[in-house]
Novice: 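One structure coming up, written as structure tokens, with questions to follow.
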Amino acid sequence: MPELPEVETIRRHLAPPLEGRTLRTLEILDPRWCRPLAPQELANALEGRTLERLSRRGKYLVWELTDDAYLLVHLRMTGNLLLDPQGAPPYTRVWLRFDGHDLAFADQRRFGTGELALGPQQLDSFFAARLGVEPLGEDFTPAHLLALARTSRAPIKAFLLDQKRIAGVGNIYADEALFRARIHPLRPANRLTRAQAEALRDAIVASLNAGLDAKGATIDDFRDPYGNSGAFQDEFLIHLREGEPCLNCGRPVRKLRAAGRGTYVCERCQPRPRRYAAASARATRSPARSA
DNA sequence: CGACACTCCTGATGGC
DNA sequence: TGCCATCAGGAGTGTC
């Protein structure tokens, strides 16, 4: 599943050949891709414009076209962008035909989307409604994460997967970061200590950078625009390692469910949160009641 | 606010 | 061997 490092890997491959090129045609074969817009509406809005910059926000690829028109592409589970493929790749849903380059959006499971924003204000409100802080940006400080975490009683894994809080972390990197920081996925976010929040910030950054260095993780479907797999799956510290010895202590890695997702954990290195009694939880709230 | 179910989708897997 | 049920999950929506 493409997460921040996979999307960024794609962006780095595509920006050099495509920036400065004009989008001649946008052929949307699967109308679900751009719902609720009709394929022709999106094509009419974007064809003939030049790609000024290809950027990324969270797991979105942002195609910045002439006169502040933006195509916002999300790969979801199985989306891939393939540059100048030989013939049509399986499950091709969209063709972006630039001067001199053809780009295919292939997506077996059809969760991927392409959306339109016209003008910087629409772009800002699109992301403001969906995405929180960029974890590889300057704003993502330990103090920032600590402040964010204090606002949520959700399990920390659910917290990390919430794109409105931190943009770009998905199931793989959440597991990897929690293992690195020695935090159990079910620990309530607002019960992290300051030291844990600091460790977790560093662990998120380190995990994402490790994924970037390996050019992404390929579990099933991820490919870069030239069809190559990533290598990060060979470096997982905890994710997908059920039953294997913990790299730190040797205890078998357990699989559990957190936030509805398969979640991998070493229950020695990431001790389970103590269940705290309902009474003590209540005691943290104000006992006063309005009369 | 949060847990949970449901939706989208299709290939892989497990049971019998 | 073949068929059916179940699972996987990013994000949006809706319910309690």
Side-chain angles (χ1 to χ4, degrees), chain A residues 1-8 10 28-37 56-62 72-81 89-94 105-117 125-132 134-135 147-177 185-192 208 211 216-223 233 236 239-243 255-264 273 275-276 278 281-282 284-286:
Chain A
M1 305 106 251
E3 305 180 26
L4 186 155
E6 288 72 33
V7 178
E8 179 62 18
I10 292 169
I28 300 169
L29 283 45
D30 178 0
R32 287 173 184 270
W33 189 70
C34 55
R35 271 191 319 192
L37 288 187
R56 180 194 56 74
R57 178 83 172 86
K59 303 177 193 172
Y60 284 87
L61 270 180
V62 182
L72 310 171
V73 172
H74 199 303
L75 285 67
R76 288 298 203 283
M77 307 292 296
T78 57
N80 276 312
L81 285 163
Y91 313 109
T92 295
R93 310 297 181 193
V94 179
F105 183 91
D107 185 8
Q108 179 190 115
R109 291 166 73 176
R110 303 168 71 201
F111 286 166
T113 54
E115 293 173 80
L116 177 68
S125 55
F126 181 91
F127 286 136
R130 291 170 177 78
L131 301 182
E134 276 293 320
L148 267 184
R150 285 189 171 162
T151 67
S152 172
R153 288 187 295 275
I156 188 65
K157 170 110 185 213
F159 174 91
L160 292 178
L161 293 178
D162 183 349
Q163 303 299 298
K164 291 191 190 71
R165 296 185 158 116
I166 302 168
V169 176
N171 204 33
I172 296 171
Y173 295 93
D175 280 2
E176 293 292 294
L186 296 179
R187 174 173 288 274
N190 66 353
R191 290 176 61 84
L192 293 197
L208 293 173
T218 298
I219 294 174
D220 292 310
D221 300 285
F222 171 70
R223 298 291 184 277
Q233 68 282 356
F236 286 167
H239 190 70
L240 251 36
R241 298 191 64 243
E242 182 181 17
K255 181 178 183 181
L256 48 85
R257 287 194 88 72
R261 299 290 169 344
T263 298
Y264 299 84
R275 274 259 202 80
Y276 45 103
R282 238 178 282 122
T284 63
R285 300 190 208 119
S286 164

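Residue numbers start from 1 in every chain, and the chains themselves are labelled A, B, ... in the order their sequence lines are given, proteins ahead of strands.
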Novice: Using a 3.5 Å distance criterion without hydrogens, assess whether the side chain of A:Arg130 forms a donor-acceptor pair with backbone atoms of A:Phe126.
Specialist: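 Checking the backbone N and O of A:Phe126 against the side chain of A:Arg130, a donor-acceptor pair under 3.5 Å is found.
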Novice: Is any side-chain N or O of A:Gln163 closer than 4.0 Å to OP1 or OP2 of C:dG10?
Specialist: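 No, A:Gln163 has no side-chain N/O under 4.0 Å of OP1/OP2 on C:dG10.
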Novice: Give me the atom names and distance for the closest heavy-atom approach of A:Met77 to A:Pro2.
Specialist: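 Minimum heavy-atom separation between A:Met77 and A:Pro2: O-CD, 3.5 Å.
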Novice: Just by distance, do the side chain of A:Gln108 and the backbone of A:Tyr91 share a donor-acceptor pair under 3.5 Å?
Specialist: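 Not a single qualifying donor-acceptor pair exists.
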Novice: Return the value, rounded to whole Å, for the distance between atom CG of A:Leu131 and atom C1' of C:dA11.
Specialist: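 Distance check: A:Leu131 CG to C:dA11 C1' gives 11 Å.
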Novice: Under the 3.5 angstrom rule, does the side chain of A:Asp221 hit a backbone N or O of A:Asn80 as a donor-acceptor pair?
Specialist: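 Not at all, since once roles are kept as given, no pair shorter than 3.5 Å links the two residues.
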Novice: Tell me which nucleotide among B:dG2, B:dG11, B:dA3 gets nearest to the side chain of A:Pro155.
Specialist: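 Minimum distance to the A:Pro155 side chain belongs to B:dA3.
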Novice: Under 4.0 Å between a side-chain N or O of A:Arg261 and OP1 or OP2 of C:dG10?
Specialist: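 Answer yes for this pair, as a side-chain N or O of A:Arg261 is under 4.0 Å from OP1 or OP2.
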Novice: Tell me what A:Arg165 touches on the nucleic acid: a base, only sugar-phosphate, or nothing, going by heavy atoms under 4.0 Å.
Specialist: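 Touches sugar-phosphate only.
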Novice: Tell me the interatomic distance from A:Met77, atom CE, to C:dA11, atom P, rounded to whole angstroms.
Specialist: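 The answer, rounded to whole Å, is 10 Å.
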Novice: Tell me the closest heavy-atom pair linking A:Ala117 and A:Leu72, and the distance in Å.
Specialist: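 Here A:Ala117 and A:Leu72 meet closest at CB-CD1, 4.1 Å.
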Novice: Side chains of A:Gln163 and A:Tyr60: donor-acceptor distance under 3.5 Å anywhere?
Specialist: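 Side chains of A:Gln163 and A:Tyr60: no pair found under 3.5 Å.
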Novice: How long is the span from the CZ atom in A:Phe105 to the CZ atom in A:Arg93, to the nearest 0.5 Å?
Specialist: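 Rounded to the nearest 0.5 Å, the CZ-CZ separation comes out at 9.0 Å.
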Novice: Please write out the pairs of protein N or O atoms and N or O atoms of nucleotides 12-16 of chain C separated by less than 3.5 Å, giving the distance to one decimal.
Specialist:
unit_1	atom_1	unit_2	atom_2	d
C:dG12	OP1	A:Arg130	NE	3.3

Novice: Taking atom P of C:dA11 as reference, at what distance in whole Å does atom NE2 of A:His74 sit?
Specialist: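 Going from A:His74 (NE2) to C:dA11 (P), I get 4 Å.
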Novice: Do the side chain of A:Glu134 and the main chain of A:Arg57 share a donor and acceptor less than 3.5 angstrom apart?
Specialist: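 No, because the side chain of A:Glu134 does not come within donor-acceptor range (under 3.5 Å) of the backbone of A:Arg57.
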Novice: When the distance from CG of A:Asp107 to C1' of B:dT10 is rounded to whole Å, what number comes out?
Specialist: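 Interatomic distance, CG of A:Asp107 to C1' of B:dT10: 10 Å.
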Novice: Within this structure, what is the CG-to-C1' distance between A:Leu161 and C:dG10, rounded to whole angstrom?
Specialist: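 Checked: the CG to C1' distance equals 9 Å.
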Novice: Below the 4.0 Å mark, does B:dT10 have OP1 or OP2 next to a side-chain nitrogen or oxygen of A:Tyr91?
Specialist: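 So the side chain of A:Tyr91 is outside the cut-off, no N or O lying under 4.0 Å from OP1 or OP2 of B:dT10.
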Novice: Could you pull out all residues at least two apart from A:Lys157 that satisfy salt bridge (charged side-chain N to carboxylate O under 4.0 Å, His left out)?
Specialist: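 A:Lys157 satisfies salt bridge (charged side-chain N to carboxylate O under 4.0 Å, His left out) with A:Asp175 once adjacent residues are dropped.
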Novice: Find the distance A:Arg257:CZ to B:dA3:C1' and express it as a whole number of Å.
Specialist: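 Between C1' of B:dA3 and CZ of A:Arg257: 14 Å.
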Novice: Would you list the protein and nucleotides 6-8 of chain B atom pairs, both N or O, that sit under 3.5 Å from each other?
Specialist:
unit_1	atom_1	unit_2	atom_2	d
B:dC8	O3'	A:Arg32	NH1	2.9

Novice: What distance do A:Thr263 atom OG1 and A:Lys255 atom NZ have between them, rounded to the nearest 0.5 Å?
Specialist: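 Going from the OG1 atom of A:Thr263 to the NZ atom of A:Lys255 covers 8.5 Å.
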Novice: I need the CD-P distance between A:Glu3 and C:dG10, as an integer number of Å.
Specialist: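 These atoms are roughly 7 Å apart.
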Novice: So, is A:Ser152 near the phosphate of B:dG2, with a side-chain N or O under 4.0 Å from OP1 or OP2?
Specialist: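 Yes.
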Novice: For A:Asp30 and B:dT10, give me the distance from atom CG to atom P, rounded to whole Å.
Specialist: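 Roughly 9 Å, once rounded to whole Å.
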Novice: By the 4.0 Å heavy-atom rule, please label A:Asn171 as base, sugar-phosphate, or nothing.
Specialist: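 If one applies the 4.0 Å heavy-atom cut-off, A:Asn171 turns out to touch the sugar-phosphate alone, with no base involved.
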Novice: Using a 4.0 Å heavy-atom cut-off across all strands, classify A:Pro90 as base, sugar-phosphate, or nothing.
Specialist: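 Nothing, no nucleic acid heavy atom in range.
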